[in-house]
Protein chains: 2
Amino acid sequence: MAQSRHETPASILIIDDHPLLRRGVAQLLELEDDLELVGDTGEPAEGVRLAGELDPDMILLDLNMPGMDGIQTLKALREADFAGRIVMFTVSDHEEDLVAALRGGADGYLLKDMEPEEMVRQLRQAALGRMVVSESLTALLAEALRNQRTAPATPDIHSLTQREREILRELAAGLSNKLIARKLDITEGTVKVHVKHLLKKLNLRSRVEAAVWAVQEGIDR
Amino acid sequence: MAQSRHETPASILIIDDHPLLRRGVAQLLELEDDLELVGDTGEPAEGVRLAGELDPDMILLDLNMPGMDGIQTLKALREADFAGRIVMFTVSDHEEDLVAALRGGADGYLLKDMEPEEMVRQLRQAALGRMVVSESLTALLAEALRNQRTAPATPDIHSLTQREREILRELAAGLSNKLIARKLDITEGTVKVHVKHLLKKLNLRSRVEAAVWAVQEGIDR
DNA sequence: CGCCAATAACCCCTAAAGAGGTACCTCGCA
DNA sequence: TGCGAGGTACCTCTTTAGGGGTTATTGGCG
């Protein structure tokens, strides 16, 4: 199976709390002369340290680990200025995890139940700089993309006018447009206009999202 | 104006950070032999202490004070097992304040701009154990009552079924019923049923309230 | 002076939400 | 064995929400 490449093999570090799985990957990679396992650990913190020390071309990172989880580790690696490829390696087929990983700067997201040959193929692609995602997740990926806001992940309260903030506060208190109108002594239609504008500015898709955002930002009260 | 009563006068403590206003009340009460000012302070904390020391029949409590505000002071007094009457004394005609005060265990809510005679009349009523609220606030009071949930102020997550919690989580993430249905692989109608049930159990009136509640309770994630 | 942002109001129209009801199936428990 | 709770699905009907547009007024601001 080993396809020879001209250059030096891609160095790989694996961070995964399952020893057996680490060994499995090690054996798999031994068969490939263009992929070389240079380190492995079950400790996220140790993994971050090793990343700095070994500076591998690629890190295979488990998403589900005790203590610091994969996403945190991912962030820690990026904050430690690790510039190589980071491929998440997990059993989770949840959209949230996928999205969190990619948003967190992962270059790939592979499921652990994939076939070894497929695994090698994907790792090779990743080493070449391509973003890889398990095929069975393409639907999820599409879904995530569709659900995604196109703009700033951090909308800004300051982009709202005084009135819009006022409307948002009431909205987050659970009031309907009609009740907001009554309270602020304007018509329901006007409230709707403000809500519409505020949703557009914050790039949210419903009053529920607006309410949740407002609460989390502490806009209420 | 002083109307003689048979028994001992009602002892009153005033907690208000405006010295002038305290003096004004003092003078007013001096004219009445059934109402007796036994202490006054501009410091909320000092007020709580005095309440324990003097054990007055009634406390006139300013709602807007620097540091510990009126509502906090109110709670502190009740927690210190002050069992007498507590009448809030304020310039605020906001429904939120009124509601917070009454919910917090206040026995009255009087506006500072009222006429002295009216003031005395109301205090006398309060001393007799009646709940008093400035007349100009009756409309607000009615509104607050109407907006009020009839049941537990603290709905319980545990009253929900597993499925309902699941639905709530998604709804708090901002998903529409249709999207929740798609995600959980059930029909939109079924999602609606769950939402309906969960709203009833939590005694909430809209998905927005449910979402806000869920977020505040940390149900999400 | 004209222009723009903010506010308010109204139009039309579709989609989403919520209340009420019935029905069916499965499980566990008395 | 029956009964209730939970889950699913479907029905009807009303209200609410949200997108699109136009219009008008007010207050700065160049």
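Naming: A, B, ... by sequence-line order, numbering from 1 per chain.
Under the 4.0 Å criterion applied to side-chain N and carboxylate O atoms, Glu166(A) and Arg169(A) are not assigned as salt-bridge partners.
Scored by the side-chain hydrogen bond (donor to acceptor under 3.5 Å, both in side chains) test, Ser206(A) finds no partners at all (sequence neighbours excluded). With sequence neighbours excluded, the residues satisfying side-chain hydrogen bond (donor to acceptor under 3.5 Å, both in side chains) with Thr90(A) are Asn64(A). In terms of the side chain to side chain contact (heavy atoms under 4.5 Å, CB included) criterion, residue partners of Ala51(B) (sequence neighbours excluded) are, by chain and number, Leu13(B), Ile59(B), Leu77(B), Phe82(B). Residues forming a side chain to side chain contact (heavy atoms under 4.5 Å, CB included) with Lys192(B) (at least two apart in sequence, or on another chain): Asn177(B), Glu188(B). Scanning for side-chain hydrogen bond (donor to acceptor under 3.5 Å, both in side chains) contacts around Glu164(A) gives Thr161(A), Lys201(A), with sequence neighbours left out. The side chain to side chain contact (heavy atoms under 4.5 Å, CB included) search around Glu118(B) returns Met114(B), Glu115(B), Arg121(B), Gln122(B), Glu135(B), not counting sequence neighbours. Taking Gln27(B) as the reference, nothing meets the side chain to side chain contact (heavy atoms under 4.5 Å, CB included) condition, with sequence neighbours excluded. Residues meeting the salt bridge (charged side-chain N to carboxylate O under 4.0 Å, His left out) test with Asp107(A), sequence neighbours left out: Arg78(A), Arg85(A).
Side-chain contact between Leu29(A) and Leu123(A) is present, with heavy atoms from C-beta onward closer than 4.5 Å. Side-chain contact check for Lys75(B) versus Gln72(B): every heavy-atom pair is 4.5 Å or farther apart. Looking only at side-chain heavy atoms (C-beta outward), Leu160(A) and Leu202(A) come within less than 4.5 Å of each other.
Axis orientation changes by 30° from one end of the helix from dC1(C)-dG30(D) to dA30(C)-dT1(D) to the other, with each end axis drawn from 5 pairs and the value rounded to 10°.
Proximity of Thr161(A) to the phosphate of dA5(C): no side-chain N or O atom is located under 4.0 Å from OP1 or OP2.
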All N/O pairs under 3.5 Å across the protein-nucleotides 27-30 of chain C interface:
none

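Running 5' to 3' along DNA chain D, contacts with non-hydrogen atoms of chain A at under 4.0 Å begin and end at dT16(D) to dG20(D).
Applying a 4.0 Å cut-off to non-hydrogen atoms, the residues of residues 185-199 of chain B that approach DNA chain C are Lys192(B), Val195(B), Lys196(B), listed by residue number.
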